[in-house]
Asks: 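Mind looking over this structure? Questions follow.
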Amino acid sequence: MFKRFSIGLFFLFLMNEGIAQNKINLFSEINYNSIPAVNLNEYKSVQDRDNRIQNPNIALGVGISGGGSRAQFFSMGVLLGLEDVKEDNANRNFLNEIDYFSTVSGGCYSAGYYLTILKNKLQYDNCSFNEFYFSKADAFKSDVNKSATLFSLLNNSRNEKGEKVSMAQRLDLEVLQYDSTNPENQNKFKTQMLLSDFFIPKDSKLNPQLPIMVANGTAYNNGERFPFMPHIIRALKINSSLAPNKASLPLDGNQINNGYDFPLTYAITASSAFPGVLPKTKFGIKNQDKILCVIDGGASDNMGYETLIELLHNDSKVKDKNKKALFIDCLGQGKKAPFINDEKIRLLSLLETASLYTVQTRYMTFEKDVENILDRYKIPTSNYQIIGFTTLRDQLLKLKKDQAYEDLVTQLKNTDDEAASWLKLHDDFKANLIEKFGVERFKKDKIGEPLLSSLDKETFKDFGASELLMLYEYASHVETKLKITPEEKEMLLLSGRFAAYLKTDELKALLTENKGL
């Protein structure tokens, strides 16, 4: 998480931490004992899931990038939008067809939340994810109640000592809906999400119920990609959690030895652990006086694309021609300054822009990198799509620019960077949509207020250039951070839904089996 700092600065912090924390005996063997490869040989096929309509002849994977709460709620909006994408003449929708999730940092939060709800509620309540999210989200909130900023980097020692409530416990409680301090909490689910919810051993009497989810971290001391899968955890002999602080619940060594009973919250915590902002995760190694530190997955692959394509490649039940991928790219500008602002750049903005350079250069070659790996595994390069803020921008370029658009451009140029100014932009935007489409086109929250993010998708075709410009400008410039405002959350959710809507035809094509050789 927190990709607004350059990777160069990132590893400078790592070097400094290594000097400051020389008392920690890092798991140095990992330097020459490589992390095991992604492999599905010991697990039952996800194509054999029960109790659902699903095409076992297509392997469909979704990769979700990092980007803090911006990534969490933009990708959550995309997931909601995917449920509205249905195959022609069939009852299947894109969301239910997903077989694999490969996630990084903030992207883990949305996938983890969705799969938690799918496991505990949707299969039994017979309602859609959209119906659940917009009717029960007040009861099952997904907001991380924690603030972290650039300046917390200057106080890393305090972060490393941790808080009364660890980040792993916080994620369990606030995203995965499990109260580790009180499993009988009536407002939470009764069971903790474990890797065994996604990975079923071949000799098990159980059958798969959920898509496979892999959270991706990075080995702290050598930058190697770390996909959290049972066979990888077992091979590295991880048998306890020491992190992020003493408040973390210890893991039973006998359970962790097989990797299946590894709590998902530790994988997500590791994937989003940017040193200095969120503590490193530290895992004990069986029979060794050493630890393995895992940090933010964005340091090795911020899109999770390598793990996702490897999962698809390892799906032995589906032909290569029918292996499909969707990548949800949540890279925004990372700062709340209008993209169209033509004022002279200030020093702080210059530093922010420069710090994004390394991360953004990786995105410049992303599509080529994906196609190279697909070629290597004999998967057609036409079998993937990308949804991101650029999806909104590309559509905006096609629309006719009217006077309302020109007026909004002028307003944005004259808007300062104060929170009150962005709040007013949100409130005006919401009021305009209510006036244009009617309040009945929105679902209501628990106090009867219309939820901006719930706007009826049937209205999307009537969005003009001004509406789309505001949606793009506001959502794509939410800072990369953990705790965001309710207004930012609503704009991100709506922008994700709208982006999925714009890609409807391309997504339907991914649901179609490729015939012939």
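Only heavy atoms go into these numbers, but all of them, side chains included; no hydrogens, no water, no symmetry mates. Note that the structure is predicted; figures quoted are calculated from it, not measured. Along the sequence shown, the residues carry numbers beginning at 1.
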Asks: Would you check if the side chain of His231 reaches a backbone N or O of Ala37 as a donor-acceptor pair within less than 3.5 Å?
Replies: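 Such a contact is found between His231 side chain and Ala37 backbone.
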Asks: Using side chain to side chain contact (heavy atoms under 4.5 Å, CB included), reason through Ile117 and Phe132 one step at a time and then give a plain yes or no.
Replies: CA-CA 9 Å; Ile117 302 304; Phe132 179 91; 3.5 Å; yes
Asks: So, the side chain of Gln177 versus the backbone of Val175: is there a donor-acceptor pair under 3.5 Å, distance only?
Replies: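 Judged by distance alone, yes, a pair lies under 3.5 Å.
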Asks: One pair to check against ring-ring contact (aromatic ring centres under 6.0 Å, His included): Tyr266 and Phe228. What are the steps and the verdict?
Replies: CA-CA 9 Å; Tyr266 285 101; Phe228 279 88; 9.5 Å; no
Asks: Does atom NZ (Lys190) have a neighbourhood of more than 12 heavy atoms from anything else shown, all under 6.0 Å?
Replies: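 More than 12 heavy atoms, drawn from other residues, nucleotides or ligands, come within 6.0 Å of this atom.
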Asks: Is the closest side-chain heavy-atom distance between Val370 and Ile309 below 4.5 Å?
Replies: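 Yes; the side chains approach each other to less than 4.5 Å.
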Asks: Closest approach of Asn383 and Asn322, non-hydrogen atoms and distance?
Replies: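 Nearest heavy atoms, Asn383 then Asn322: ND2-N, 4.3 Å.
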Asks: Under a 3.5 Å distance rule, please check whether Ser204 uses its side chain to pair with a backbone N or O of Ile200 as donor and acceptor.
Replies: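 Not confirmed, Ser204 side chain does not pair with Ile200 backbone.
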Asks: Regarding Ser272 and Tyr109, is there a side-chain donor-to-acceptor distance under 3.5 Å anywhere?
Replies: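 Per modelled atom types, Ser272 and Tyr109 side chains form a pair under 3.5 Å.
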Asks: Could you check whether Phe262 and Phe283 have their ring centres less than 6.0 Å apart?
Replies: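 Phe283 vs Phe262: aromatic centres under 6.0 Å.
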Asks: Ser271 versus Ile268: any side-chain heavy-atom pair under 4.5 Å?
Replies: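 Sidechains of Ile268 and Ser271: no contact.
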Asks: Quick check for you: to the nearest 0.5 Å, what is the distance between Lys368 atom NZ and Asp375 atom CG?
Replies: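 Between atom NZ of Lys368 and atom CG of Asp375 there are 7.5 Å.
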Asks: Under a 4.0 Å threshold between the charged nitrogen and the carboxylate oxygen, would Lys483 count as salt-bridged to Glu488?
Replies: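 Judged by the 4.0 Å cut-off on N to carboxylate O distance, Glu488 and Lys483 do not form a salt bridge.
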Asks: For the CG atom of Leu510 and the CD atom of Gln385, what is their distance to the nearest 0.5 Å?
Replies: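 Separation between the atoms: 5.5 Å.
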Asks: Please round to the nearest 0.5 Å and tell me the distance separating atom CG of Leu176 and atom CG of Leu115.
Replies: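 So the gap between those two atoms works out to 9.5 Å.
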Asks: Checking side chain to side chain contact (heavy atoms under 4.5 Å, CB included) for the pair Asn514/Lys324: CA distance, chi angles, key distance, verdict?
Replies: CA-CA 10 Å; Asn514 294 330; Lys324 316 288 186 79; 3.6 Å; yes
Asks: Could you tell me if the side chain of Leu210 sits less than 4.5 Å from the side chain of Leu118, heavy atoms only?
Replies: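 Yes, at least one pair of side-chain atoms sits under 4.5 Å.
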Asks: Is it true that Glu83 and Arg497 have a side-chain N and a carboxylate O under 4.0 angstrom from each other?
Replies: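 Salt bridge between Glu83 and Arg497, a charged N being under 4.0 Å from a carboxylate O: no.
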Asks: Please report the shortest heavy-atom distance between Ile64 and Ala111, naming the atom on each side.
Replies: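 In terms of heavy atoms, the two residues are closest at CD1-CB, 4.2 Å.
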Asks: For Glu490 and Ser453, which I'm curious about, is there any donor-acceptor pair between the side chains at under 3.5 Å?
Replies: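 Indeed, the side chains of Glu490 and Ser453 share at least one donor-acceptor pair under 3.5 Å.
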Asks: Using only atom types and a distance under 3.5 Å, with no angle test, would you say the side chain of Gln186 pairs donor to acceptor with the backbone of Glu184?
Replies: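 At least one qualifying donor-acceptor pair exists.
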Asks: With distance as the sole criterion, is a donor-acceptor pair present between the side chains of Gln209 and Lys119 under 3.5 Å?
Replies: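 There is no such pair (donor and acceptor under 3.5 Å, judged by atom type) between the side chains of Gln209 and Lys119.
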Asks: For Thr103 and Met213, work out which heavy atoms get closest and say how close.
Replies: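 Closest heavy-atom pair between Thr103 and Met213: OG1-CE, 3.5 Å.
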Asks: Distance check, rounded to the nearest 0.5 Å: Ser105 atom OG versus Ile295 atom CD1?
Replies: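 CD1 of Ile295 is found 11.0 Å from OG of Ser105.
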Asks: Looking at every heavy atom in both Asp320 and Ile379, which two are closest together, and how far apart are they?
Replies: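 Scanning both residues, the minimum pair turns out to be O-CG2, 3.9 Å.
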Asks: Ignoring hydrogens and angles, tell me if any N or O in the side chain of Arg70 forms a donor-acceptor pair with the backbone of Cys330 under 3.5 Å.
Replies: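 A pair under 3.5 Å: yes.
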Asks: Does the side chain of Leu79 reach to within under 4.5 Å of the side chain of Phe101, using non-hydrogen atoms?
Replies: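 Leu79 vs Phe101: side chains touch.
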Asks: If you define the side chain from C-beta out and look only at heavy atoms, does anything of Phe327 sit under 4.5 Å from Ile387?
Replies: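 Phe327 does not reach Ile387 side chain to side chain.
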Asks: Does the side chain of Lys317 come under 3.5 Å of the side chain of Gln47 through a donor N or O and an acceptor N or O?
Replies: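 No pair is found: no donor N or O on one side chain lies under 3.5 Å from an acceptor on the other.
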Asks: Salt bridge between Arg49 and Asp99, side-chain N to carboxylate O under 4.0 Å?
Replies: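 Asp99 and Arg49: salt-bridged.
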Asks: When you compare the side chain of Pro227 with that of Ile232, does any pair of heavy atoms fall below 4.5 Å?
Replies: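 Touching, per the 4.5 Å side-chain cut-off.
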Asks: In plain terms, say whether Lys323 and Asp315 are close enough for a salt bridge, that is, a side-chain N and a carboxylate O under 4.0 Å apart.
Replies: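 No salt bridge links Lys323 with Asp315.
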Asks: So, Tyr384 and Glu371: side-chain donor and acceptor under 3.5 Å apart, yes or no?
Replies: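 Yes, side-chain donor-acceptor contact under 3.5 Å.
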Asks: Roughly how far, to the nearest 0.5 Å, is CG of Leu82 from CD1 of Ile98?
Replies: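 Separation between the atoms: 5.5 Å.
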Asks: Parallel, tilted or perpendicular: which one describes the rings of Phe199 and Tyr43, with boundaries at 30° and 60°?
Replies: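 If you compare the ring of Phe199 with that of Tyr43, the planes turn out tilted.
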Asks: Check the pair Tyr178, Thr116 against side chain to side chain contact (heavy atoms under 4.5 Å, CB included), reporting the backbone distance first and the verdict last.
Replies: CA-CA 9 Å; Tyr178 174 75; Thr116 297; over 6 Å; no
Asks: Please check this pair: side chain of Arg234 against backbone of Asn258, looking for a donor-acceptor N/O pair closer than 3.5 Å.
Replies: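 Such a contact is found between Arg234 side chain and Asn258 backbone.
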Asks: What is the minimum heavy-atom distance between Phe74 and Gly388, and which atoms define it?
Replies: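 Answer, listing the atom of Phe74 first, then Gly388: CZ-C, 3.7 Å.
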Asks: Looking at Phe389, is its backbone amide N or carbonyl O close enough to the side chain of Ser476 to form a donor-acceptor pair, meaning the two atoms are under 3.5 Å apart?
Replies: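 The answer is no, because no donor-acceptor pair under 3.5 Å joins these two groups.
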Asks: Spell out, as yes or no, whether a donor-acceptor pair under 3.5 Å connects the side chain of Lys188 to the backbone of Asn182.
Replies: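 Judged by distance alone, no pair lies under 3.5 Å.
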Asks: For a 4.5 angstrom cut-off between non-hydrogen side-chain atoms, does Leu312 reach Asn314?
Replies: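 SC-SC contact between Leu312 and Asn314 ruled out.
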Asks: Would you compute the distance between atom CG of Leu311 and atom CD1 of Ile212 and round it to the nearest 0.5 angstrom?
Replies: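 It comes to 6.5 Å.
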Asks: Ignoring hydrogens and geometry beyond distance, is a side-chain donor-acceptor pair present between Thr218 and Ser300 at under 3.5 Å?
Replies: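 Thr218 vs Ser300: donor-acceptor pair found between side chains.
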Asks: Less than 4.5 Å apart, side chain to side chain, heavy atoms only: is that true for Phe226 and Asn216?
Replies: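 Not touching, per the 4.5 Å side-chain cut-off.
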Asks: Distance-only, no hydrogens or angles: does the Ser128 side chain make a donor-acceptor pair with backbone N or O of Glu131 under 3.5 Å?
Replies: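 Yes; judged by distance alone, with no hydrogens or angles, the pair exists.
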Asks: Would you kindly say whether Thr181 and Asp179 are connected by a side-chain donor-acceptor distance under 3.5 Å?
Replies: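 Checked: Thr181/Asp179 side chains pair up, N/O donor to acceptor below 3.5 Å.
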Asks: Quick one: do the Asn55 and Glu513 side chains pair a donor with an acceptor below 3.5 Å?
Replies: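 Asn55 vs Glu513: donor-acceptor pair found between side chains.
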Asks: Grab the two heavy atoms, one from Leu374 and one from Pro380, that are nearest each other, plus how far apart they are.
Replies: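 Smallest interatomic distance, heavy atoms only, reads CD1-O, 4.1 Å.
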Asks: With side chain to side chain contact (heavy atoms under 4.5 Å, CB included) as the test, would you mind laying out the steps for Gln192 and Leu194 before giving the verdict?
Replies: CA-CA 6 Å; Gln192 187 180 35; Leu194 307 174; 3.8 Å; yes
Asks: Examine distances only and state if a side-chain atom of Asn93 and a backbone atom of Glu97 form a donor-acceptor pair shorter than 3.5 Å.
Replies: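 No; judged by distance alone, with no hydrogens or angles, the pair does not exist.
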